[in-house]
Amino acid sequence: MHADARSRGRLKNIVAIYPGSFDPVTNGHLDLIRRGSKLFDKLIVAIARNLDKSETLFSMEERKEMLVAMTEDLDNVSIDIFEGLLVKYCIRHGANAVLRGIRAISDYEFELQMALMNRKMEPRVETVFMMPAEQYSYLSSRIVREIAKLGGPLAGLVPAMVEERVRERVVHRHISATGKHLL
Ligand code: PNS
């Protein structure tokens, strides 16, 4: 690091963590991962093992597998699974930033609360917000799961490989629960 930069507390070699549930990964997440991979030296996409979310579509390993497949061309991006406090995970991995996407004002309140709480717990980690491309501003994993369950179109919302896996899973769950095929 250049002496001047060091004395002003500037960071070099920024490692960022992009945490989330990714159940499943959407085109909005992938858009943000691509933007983040250009900005940071290293980006770790960290799938949170969330004990509160009982109704998940995919296991942690399945989510990881899809994210790995969708980011294999990005050599500074890696995919991991974590549990416990995000800031502790950041420190263990030498990360100085958390990347989060903000789609609309409605995201802001929760994201602000999380960013400030994380900063209070660990001032060495900064949260960086990025906006996905506007065509993804209404997109979320929750809405993808809901559309899939109701048999709606997923094209353009998730990559084709993810769409196939989502459909398989939803159809399988529906048949297991009702004994009937989806219309
Ligand atoms: O995709 P999501 O559900 O919006 O991601 C939320 C996530 C996983 C980033 C958040 O719940 C999280 O950081 N969980 C790890 C536990 C933690 O550190 N909680 C304190 C946050 S202030």
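A heavy-atom distance below 4.5 Å is found between the side chains of R34 and D73. The shortest side-chain heavy-atom distance between N118 and L86 falls under the 4.5 Å cut-off. Contact annotation: the side chain of I17 never approaches that of F82 to less than 4.5 Å [non-hydrogen atoms, C-beta and beyond]. Put simply, the side chain of H29 reaches to within 4.5 Å of the side chain of Y18, judged on heavy atoms. Side-chain contact between D80 and H93 is present, with at least one heavy-atom pair separated by less than 4.5 Å. Here the side chains of I33 and L67 are in contact, with some heavy-atom distance below 4.5 Å. You'll find the side chain of R173 reaches within 4.5 Å of the side chain of R169, heavy atoms only. Using a 4.5 Å heavy-atom cutoff, the side chains of L99 and M130 are in contact.
Contact record, V128 with A97: CG2-CB, 4.3 Å, taken as the closest heavy-atom pair. Across every non-hydrogen atom of L32 and M131, the tightest pair is CD1-C, 3.9 Å. Between G156 and N27, the closest heavy-atom pair is O-ND2, 2.8 Å. Of all heavy-atom pairs spanning P19 and R100, the tightest one is O-NH1, 3.0 Å. When all heavy atoms of L157 and L139 are compared, the pair lying nearest together is O-CD2, 3.4 Å.
At least one donor-acceptor pair closer than 3.5 Å links the side chain of S59 to the backbone N or O of E62. Listed for the D31 side chain is a donor-acceptor partner under 3.5 Å among the backbone atoms of A133. A donor-acceptor pair under 3.5 Å is formed between the side chain of D23 and the backbone N or O of F58. No side-chain donor-acceptor contact under 3.5 Å links R49 to the backbone of I81. Remark: side-chain polar atoms of H172 are not paired, donor with acceptor, to backbone N or O of E168 under 3.5 angstrom. Without hydrogens or angle criteria, D107 side chain to I102 main chain gives no donor-acceptor distance under 3.5 Å.
Under the 4.5 Å side-chain contact rule for hydrophobic residues, V15 and I47 do not share a cluster.
We find the CZ-CE distance between R165 and M66 to be 4.5 Å, quoted to the nearest 0.5 Å. The distance from atom CD of E163 to atom OG1 of T26, rounded to the nearest 0.5 Å, is 13.0 Å. In this structure, OG on S37 lies 5.0 Å from CG on N76, to the nearest 0.5 angstrom.
Ion pairing of R145 with E55 is absent here, as no side-chain N (NZ or NE/NH1/NH2) approaches a carboxylate O to less than 4.0 Å.
Legend: residues meeting salt bridge (Lys or Arg N to Asp or Glu O under 4.0 Å) with E164, ordered by chain and number and at least two apart, are absent. D75 is linked by a salt bridge (Lys or Arg N to Asp or Glu O under 4.0 Å) to nothing, counting only residues two or more places apart in sequence or in another chain.
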| query | Could you go step by step and tell me if R63 and T56 meet the side chain to side chain contact (heavy atoms under 4.5 Å, CB included) rule? | reply | CA-CA 11 Å; R63 289 181 234 171; T56 57; 3.5 Å; yes

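A side chain to side chain donor-acceptor pair (under 3.5 Å) check over residues 127-143, counting only residues at least two apart or in different chains, returns the pairs R142-E146.
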